[in-house]
Amino acid sequence: MKILVPVKRVIDYNVRPRVKADGSAVDLANVKMAMNPFDEIAVEEAMRLKEAGIATEVVVVSCGLPACQETLRTALALGADRAILVETDVELQPLAVAKLLKALAVQEAPQLVILGKQAIDDDSSQTGQMLAALMGWPQAVFASKVTVVDGKAKVAREVDGGTETLEVSLPAVVTTDLRLNEPRYATLPNIMKAKKKPLVTVKPADLGVDVAPRLATLKVAEPAKRKAGAMVADVAALVDKLKNEAKVI
Ligand code: AMP
């Protein structure tokens, strides 16, 4: 079976984002970018399914600027078989990405699409759910364990107070939670091999998708600065402060 893994190029998680002076967006000029960490987990899960003989091909896809090729090459170095870049300089919102992924899912006919549970830049956590709805496929989101047997995926998800296990028939959409696996590092030989793996570029128009934004960003602002904390002498002083000064905001 084929697995499709969408990977997003985002600001590296180690970088402290800065807001542009005009408050229109996060400043990405000269900022280190990387694969969305949840997507690394998605690639890893797809590779494990391939290594277990369950998947036969892992196709990665990224939507955005030509620089997303770098993210795709990283995924290829982690073991993916081939890559698709949907190239556009339009700011892509989750619905537009879900429509692009739908067009590719129709073309590629994967049995499983594994996405990250959220992209750490916009924290939307919408794309996988929208894709499942557009395809009319079952979805199991925030997966912490995935087992594929007999055309079905059993997916454990962490919920308040325990673990919920769902069984979905394939084709289906799964999104990854942090504890699903620990992604591998790309080795140098695999980075070299990845340069030769197939990477095709298409445009949204080739897929018949209008990616124009439907939402307008009004303002982006830094979070309010936290006030400095205070050290207390002992537990009694702490209890006194909690009793007399602390308030629910
Ligand atoms: P979001 O709904 O934006 O939080 O993103 C959830 C997941 O959708 C990500 O972890 C990726 O797997 C996928 N995704 C979102 N945007 C893109 C993109 N531009 N290119 C490829 N995959 C994406």
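We're numbering straight along the sequence, starting at 1. Whatever order the structure lists them in is the order used to number ligands and atoms, beginning at 1.
Residue N36 touches ligand 1 through its side chain alone, judged by heavy-atom distances below 4.0 Å. The residue L101 has no part lying near ligand 1, judged by heavy-atom distances below 4.0 Å.
Contact check on K154 versus D150 returns no salt bridge, with no Lys/Arg side-chain nitrogen under 4.0 Å from an Asp/Glu carboxylate oxygen. Taking the charged nitrogens against the carboxylate oxygens, D27 and R18 do have a contact shorter than 4.0 Å, which makes a salt bridge.
No donor-acceptor distance shorter than 3.5 angstrom exists from the side chain of T88 to the backbone of G64, with no hydrogens or angles considered.
The distance criterion of under 3.5 Å between nitrogen or oxygen atoms is met by D39 with respect to ligand 1. Considering backbone and side-chain N/O atoms, V61 never comes within less than 3.5 Å of an N/O atom of ligand 1. The N/O atoms of A119, backbone and side chain alike, include one that comes under 3.5 Å of an N/O atom in ligand 1. In terms of polar-atom proximity, P94 is not counted as a contact of ligand 1, lacking any N or O under 3.5 Å from an N or O of the ligand. Annotation: D123 places no N or O atom under 3.5 Å from an N or O atom of ligand 1; distance criterion only.
The local environment of NZ in K2 is crowded, with over 12 non-hydrogen atoms from other residues, nucleotides or ligands closer than 6.0 Å. Annotation: E182, atom CD; neighbour count of heavy atoms from other residues, nucleotides and ligands within 6.0 Å does not exceed 12. Atom CZ of R179 has 12 or fewer neighbouring heavy atoms from other residues, nucleotides or ligands inside a 6.0 Å radius. Heavy-atom contacts from other residues, nucleotides or ligands closer than 6.0 Å to CD of E164 number more than 12.
The shortest side-chain heavy-atom distance between L78 and E44 does not fall under the 4.5 Å cut-off. Counting only heavy atoms from C-beta outward, the side chains of I54 and M1 approach each other to under 4.5 Å.
Looking only at protein heavy atoms, the nearest one to atom 13 (C) of ligand 1 is L115 CD2, 3.8 Å. Scanning all protein heavy atoms for the shortest distance to atom 3 (O) of ligand 1 gives D122 OD1, 3.2 Å. The protein non-hydrogen atom at the shortest distance from atom 12 (O) of ligand 1 is P6 O, 2.9 Å. Among all protein heavy atoms, the one lying closest to atom 7 (C) of ligand 1 is G116 O, 3.4 Å. T127 OG1, 3.7 Å is the protein heavy atom nearest to atom 15 (C) of ligand 1. Of all protein heavy atoms, the one closest to atom 20 (N) of ligand 1 is C63 N, 3.0 Å. Ranking the protein heavy atoms by distance from atom 16 (N) of ligand 1 puts K8 CD, 3.4 Å first.
A continuous path of hydrophobic side-chain contacts links L4 to L131 [ILVMFWY only; heavy atoms under 4.5 Å]. A continuous path of ILVMFWY side-chain contacts below 4.5 Å connects V174 to F38, so both sit in one hydrophobic cluster.
Atoms of ligand 1 found under 4.0 Å from any heavy atom of S125 (numbered from 1 in listed order, with element): 1 (P), 2 (O), 4 (O). With ligand atoms numbered from 1 in the order given, ligand 1 contributes 1 (P), 2 (O), 3 (O), 4 (O) to contacts under 4.0 Å with heavy atoms of S124.
Heavy-atom distances between G64 and ligand 1 stay at or above 4.0 Å for every pair.
Closest heavy-atom approach to atom 21 (C) of ligand 1 among the candidates I120, I41, V7: V7.
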